[in-house]
*Asks:* 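Quick one: the structure is below, and I'll ask about it shortly.
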Amino acid sequence: SDVLQQETIHWSSYTDKDLALCKKTIRHLHGRMNTSLDVKATDYDKQIVLADIKYGGIYRPRDCKQKDSVAIVIPYRDRIEHLNILINHLHAMLQRQKLYYGIYVVEMSLPVQFNRGLLANAGFMTAQSIGTYSCYIIHDVDLLPLNDFNEYKCSPNNPKHLVTKNSKFKNDALPYTDYIGGVLALTTEQYYRVNGFSNLYFGWGGEDDDMHLRIKARNFTIVRNAEHIGVYLALPHNGDSSNPPNPYRDLLLQQGAYRMNVEGLSSISYIRKSLEFRQLYTWVLIDCVESE
Ligand code: UDH
Ligand code: NGS
């Protein structure tokens with residue numbers, strides 16, 4: 001099997017101390033890609049350099065050194081086609097961007113309702129314990145970045161919403177100014193400052209707006225790239241019957257800013273049931289437990 005079970009990764013096998021820092025270069029980039037809706041994971045297989053990806057989906061460029069490291073965290077349940085397409089697409093793009101990155105897919109066991117914020121927090125904690133990343137990108141499984149000038153890095157001063165256009169919305173336009181759904185990048189420090197996501201949003205909706213409240217309460221603003229850069233293709237899917245709209249989301253949001261100091265990353269309660277370093281990503285399975 002391609003699954004390697006181990007608790008630590010042997011970082012010592014990387015020796016990049018003699019390399020020069022990676023420079024931002026557009027030489028390797030494609031710009032706007034013409035990915036269509038009938039995209040398949042195999043469309044990307046030939047573009048990624050498998051030999052350079054460590055088990056767990058961790059990659060470092062060979063020819064230069066990156067001082068930042070990025071963890072892509074994908075809250076996930078039952079979307080295997082999307083996952084395969086996204087993972088292949090991301091490896092191809094992130095390698096062209098010469099980033100030092102790892103990909104973490106975080107899943108929660110049934111029958112508990114899906115909780116994107118809690119999964120993001122669990123992914124953050126797991127990745128932090130494995131690789132002490134400097135930047136975290138919380139990523140929907142069904143969104144493909146179409147312009148590789150959309151660099152998967154954090155902004156040092158403010159959280160960055162990497163989405164400027166999304167094909168799921170009318171005219172691809174973001175639905176409201178404060179919308180930060182889909183793909184959001186926070187430095188490790190920013191993630192701690194806002195106390196992560198709320199863990200209380202079970203079912204669909206609101207956890208991203210709650211995160212926006214937290215960001216605002218800490219006097220951060222949201223930054224975005226120019227409109228033609230953060231372009232995403234939304235892979236079509238039916239509504240998930242297992243992820244119905246959360247009837248409490250408006251109520252939760254009303255008290256969001258008051259709760260943020262005590263509820264979030266600091267209060268998360270879960271059991272890690274599995275950790276697998278798969279060939280193209282690290283897979284984490286958690287069980288929710290009631291917090292006291
Ligand atoms: N996700 C899963 N599996 C699920 C639910 C959510 O993997 O069953 C993850 C996945 O990363 C997804 C993200 O959570 O990209 C966001 O969930 P979503 O794609 O279901 O949300 P979206 O807003 O669609 O794209 C929701 C359709 C139902 C809307 C009902 C409210 N009017
Ligand atoms: C808002 C939701 C957000 C969601 C956004 C876009 O209404 O969580 O719509 O949804 N907020 C609340 O429900 C409080 S979408 O059109 O992508 O399904 O991200």
Side-chain angles (χ1 to χ4, degrees), residues 37 39 57 71-90 103-124 127 136-145 159 161-185 197-216 222 224 230-257 259 281-286 288:
L37 276 179
V39 60
I72 317 290
V73 175
I74 306 170
Y76 173 80
R77 173 178 278 172
D78 193 24
R79 302 263 186 97
I80 193 64
E81 291 85 6
H82 289 177
L83 185 66
N84 288 335
I85 292 169
L86 178 69
I87 295 282
N88 280 276
H89 184 87
L90 283 181
I103 300 182
Y104 294 82
V105 175
V106 197
E107 196 167 337
M108 60 204 280
S109 32
L110 289 164
V112 183
Q113 272 193 13
F114 193 75
N115 185 326
R116 185 170 170 272
L118 192 147
L119 285 172
N121 288 342
F124 173 89
Y136 283 82
I137 299 184
I138 312 306
H139 208 300
D140 274 5
V141 74
D142 52 7
L143 288 182
L144 298 185
H161 189 213
L162 295 183
V163 186
T164 59
K165 286 173 177 245
N166 179 339
S167 66
K168 81 191 261 189
F169 300 122
K170 191 165 174 246
N171 301 326
D172 299 351
L174 302 188
Y176 44 96
T177 321
D178 289 347
Y179 171 75
I180 56 165
V183 187
L184 184 69
F197 282 84
S198 169
N199 307 301
L200 302 182
Y201 290 78
F202 288 88
W204 179 88
E207 85 295 336
D208 48 354
D209 298 323
D210 185 288
M211 171 53 94
H212 188 266
L213 290 176
R214 290 169 180 241
I215 287 170
K216 218 166 49 181
I222 290 292
R224 290 195 188 94
V231 183
Y232 282 81
L233 175 77
L235 299 170
H237 64 85
N238 303 324
D240 305 286
S241 50
S242 69
N243 194 29
N246 173 5
Y248 307 110
R249 63 192 192 281
D250 291 333
L251 201 63
L252 283 166
L253 269 175
Q254 279 167 28
Q255 295 120 24
R259 232 184 19 243
Y281 56 88
T282 297
W283 179 71
V284 189
L285 179 68
I286 64 159
C288 286

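Quantities reported herein were computed from a predicted structural model and do not represent experimental measurements. Counting starts at 1 for both ligands and their atoms, following the listed order.
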*Asks:* Please identify which atoms of ligand 2 are closer than 4.0 Å to at least one heavy atom of Asp209.
*Replies:*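 This gives 2 (C), 3 (C), 8 (O), 11 (N), 12 (C), 14 (C) as the contact atoms.
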*Asks:* Determine the sole option in Arg116, Arg259, Lys216 for which the salt bridge (Lys or Arg N to Asp or Glu O under 4.0 Å) test with Asp210 is passed.
*Replies:*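 With Asp210 as partner, salt bridge (Lys or Arg N to Asp or Glu O under 4.0 Å) holds for just one option, Arg259.
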*Asks:* Backbone or side chain, does any N or O of Arg249 fall under 3.5 Å from an N or O of ligand 2?
*Replies:*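 It does: an N or O of Arg249 is found under 3.5 Å from an N or O of ligand 2.
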*Asks:* Say whether Trp204, considering both its backbone and side-chain N or O atoms, lies within less than 3.5 Å of an N or O atom on ligand 1.
*Replies:*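 Looking only at distances, the answer is yes, because the N/O contact criterion of under 3.5 Å is met.
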*Asks:* Tell me the closest heavy-atom pair linking Met108 and Asn115, and the distance in Å.
*Replies:*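 Scanning both residues, the minimum pair turns out to be SD-N, 3.4 Å.
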*Asks:* Tell me whether ligand 1 is touched by His237 - counting only heavy atoms on the residue side and a distance under 4.0 Å.
*Replies:*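 Heavy atoms of His237 do come under 4.0 Å of ligand 1.
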*Asks:* Among protein heavy atoms, which sits nearest to atom 6 (C) of ligand 2, and what does the distance come to when rounded to 0.1 Å?
*Replies:*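 So the nearest neighbour among protein heavy atoms is Tyr179 CE1, 3.8 Å.
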*Asks:* Pick one of side chain, backbone, both or neither for how Tyr176 approaches ligand 2, counting any non-hydrogen atom pair under 4.0 Å.
*Replies:*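 The answer is the side chain of Tyr176.
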*Asks:* Output yes when the distance from some N or O of ligand 2 to some N or O of Gly181 is under 3.5 Å, and no in every other case.
*Replies:*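 No: no nitrogen or oxygen of Gly181 is under 3.5 Å from one in ligand 2.
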*Asks:* Answer side chain, backbone, both or neither: which part of Glu207 comes under 4.0 Å from ligand 2, heavy atoms only.
*Replies:*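 Looking at Glu207 and ligand 2, no heavy atom falls under 4.0 Å.
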*Asks:* Taking all non-hydrogen atoms of both residues, which atom of Gly206 and which atom of Arg249 are closest, and how far apart?
*Replies:*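 Minimum heavy-atom contact is N-CD, 4.2 Å.
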*Asks:* Please classify the Asn243 to ligand 1 contact at 4.0 Å (heavy-atom distances, strictly less than): side chain, backbone, both or neither.
*Replies:*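 The answer is the side chain of Asn243.
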*Asks:* May I ask you to check whether Ile74 has an N/O atom sitting below 3.5 Å from an N/O atom of ligand 1?
*Replies:*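 No, there is no polar N/O contact under 3.5 Å.
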*Asks:* Can you list the steps and then say if Leu143 with Asn166 is a side chain to side chain contact (heavy atoms under 4.5 Å, CB included)?
*Replies:* CA-CA 8 Å; Leu143 288 182; Asn166 179 339; 3.5 Å; yes
*Asks:* Roughly how far, to the nearest 0.5 Å, is CZ of Arg224 from CG of Leu174?
*Replies:*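 The distance works out to 5.0 Å.
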*Asks:* Just jot down the ligand 1 atoms closer than 4.0 angstrom to any heavy atom of Asp142, in number order.
*Replies:*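 It comes down to these atoms of ligand 1: 15 (O), 19 (O), 25 (O).
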*Asks:* Identify which of Arg116, Arg77, Lys168 has a heavy atom lying nearest to atom 25 (O) of ligand 1.
*Replies:*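 Minimum heavy-atom distance to atom 25 (O) of ligand 1 goes to Lys168.
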*Asks:* For ligand 2, which atoms, with element, lie under 4.0 Å from some heavy atom of Asp208?
*Replies:*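 This gives 3 (C), 4 (C), 8 (O), 19 (O) as the contact atoms.
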*Asks:* Can you sort out which atoms of ligand 1 are near Tyr76, meaning under 4.0 Å from one of its heavy atoms?
*Replies:*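 So the answer, numbered in order with elements, is 7 (O).
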*Asks:* Distance under 4.0 Å to a non-hydrogen atom of Leu253: what atoms of ligand 2 satisfy this?
*Replies:*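 Counting from 1, the qualifying ligand atoms are 14 (C).
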*Asks:* Side chain or backbone, does Pro75 bring an N or O within less than 3.5 Å of an N or O on ligand 1?
*Replies:*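 N/O-N/O distance below 3.5 Å exists for this pair.
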*Asks:* Determine the interplanar angle of the His82 and His237 rings, folded into 0 to 90°, and report it as parallel if under 30°, tilted if 30 to 60°, perpendicular if over 60°.
*Replies:*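 His82 vs His237 ring planes: perpendicular.
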*Asks:* For atom 10 (O) of ligand 2, what's the nearest protein heavy-atom neighbour? Residue, atom name and distance, please.
*Replies:*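 Protein heavy atom at minimum distance: Trp204 CZ2, 3.4 Å.
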*Asks:* Between Val73 and Tyr136, is a side chain to side chain contact (heavy atoms under 4.5 Å, CB included) present by the stated rule, with each step listed?
*Replies:* CA-CA 7 Å; Val73 175; Tyr136 283 82; 4.1 Å; yes
*Asks:* Which atoms of ligand 2 sit under 4.0 Å from any heavy atom of Phe169?
*Replies:*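 Atoms satisfying the 4.0 Å criterion: 16 (O), 17 (O).
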*Asks:* List the steps and the verdict of side chain to side chain contact (heavy atoms under 4.5 Å, CB included) for Asn199 and Asn121.
*Replies:* CA-CA 8 Å; Asn199 307 301; Asn121 288 342; 2.8 Å; yes
*Asks:* Heavy-atom pairs closer than 4.0 Å: do any link ligand 1 to the side chain of His82, the backbone, both, or neither?
*Replies:*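 It is neither; nothing of His82 touches ligand 1.
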*Asks:* Once you round to the nearest 0.5 Å, how far does CD1 of Ile222 lie from OH of Tyr179?
*Replies:*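 The CD1 atom of Ile222 sits 12.0 Å away from the OH atom of Tyr179.
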*Asks:* Heavy-atom count check: over 12 atoms from other residues, nucleotides or ligands less than 6.0 Å from Tyr248 OH?
*Replies:*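 Counting other residues, nucleotides and ligands, OH of Tyr248 stays at 12 neighbours or fewer.
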*Asks:* Of all the atoms in ligand 2, which lie at a distance below 4.0 Å from a heavy atom belonging to Lys168?
*Replies:*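 Going through ligand 2 atom by atom, the ones under 4.0 Å from Lys168 are 15 (S), 17 (O), 18 (O).
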*Asks:* Does only the side chain of Arg79 get under 4.0 Å from ligand 1, or the backbone, or both, or neither? Count heavy atoms.
*Replies:*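 Side chain only.
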*Asks:* Work out whether the distance between some heavy atom of Asp78 and some atom of ligand 1 is less than 4.0 Å.
*Replies:*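 No, Asp78 has no heavy atoms under 4.0 Å from ligand 1.
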*Asks:* When you look at Leu110 and Arg77, which way does the side chain to side chain contact (heavy atoms under 4.5 Å, CB included) test go after all the steps?
*Replies:* CA-CA 9 Å; Leu110 289 164; Arg77 173 178 278 172; 3.6 Å; yes
*Asks:* Any side-chain heavy atom of Tyr281 sitting closer than 4.5 Å to one from Ile72?
*Replies:*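 Result no, sub-4.5 Å side-chain heavy-atom pair not found.
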*Asks:* Would you tell me whether Tyr176 and Asp209 have side-chain atoms, one donor and one acceptor, within less than 3.5 Å of each other?
*Replies:*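 A pair is found: one side chain offers a donor N or O, the other an acceptor, under 3.5 Å apart.
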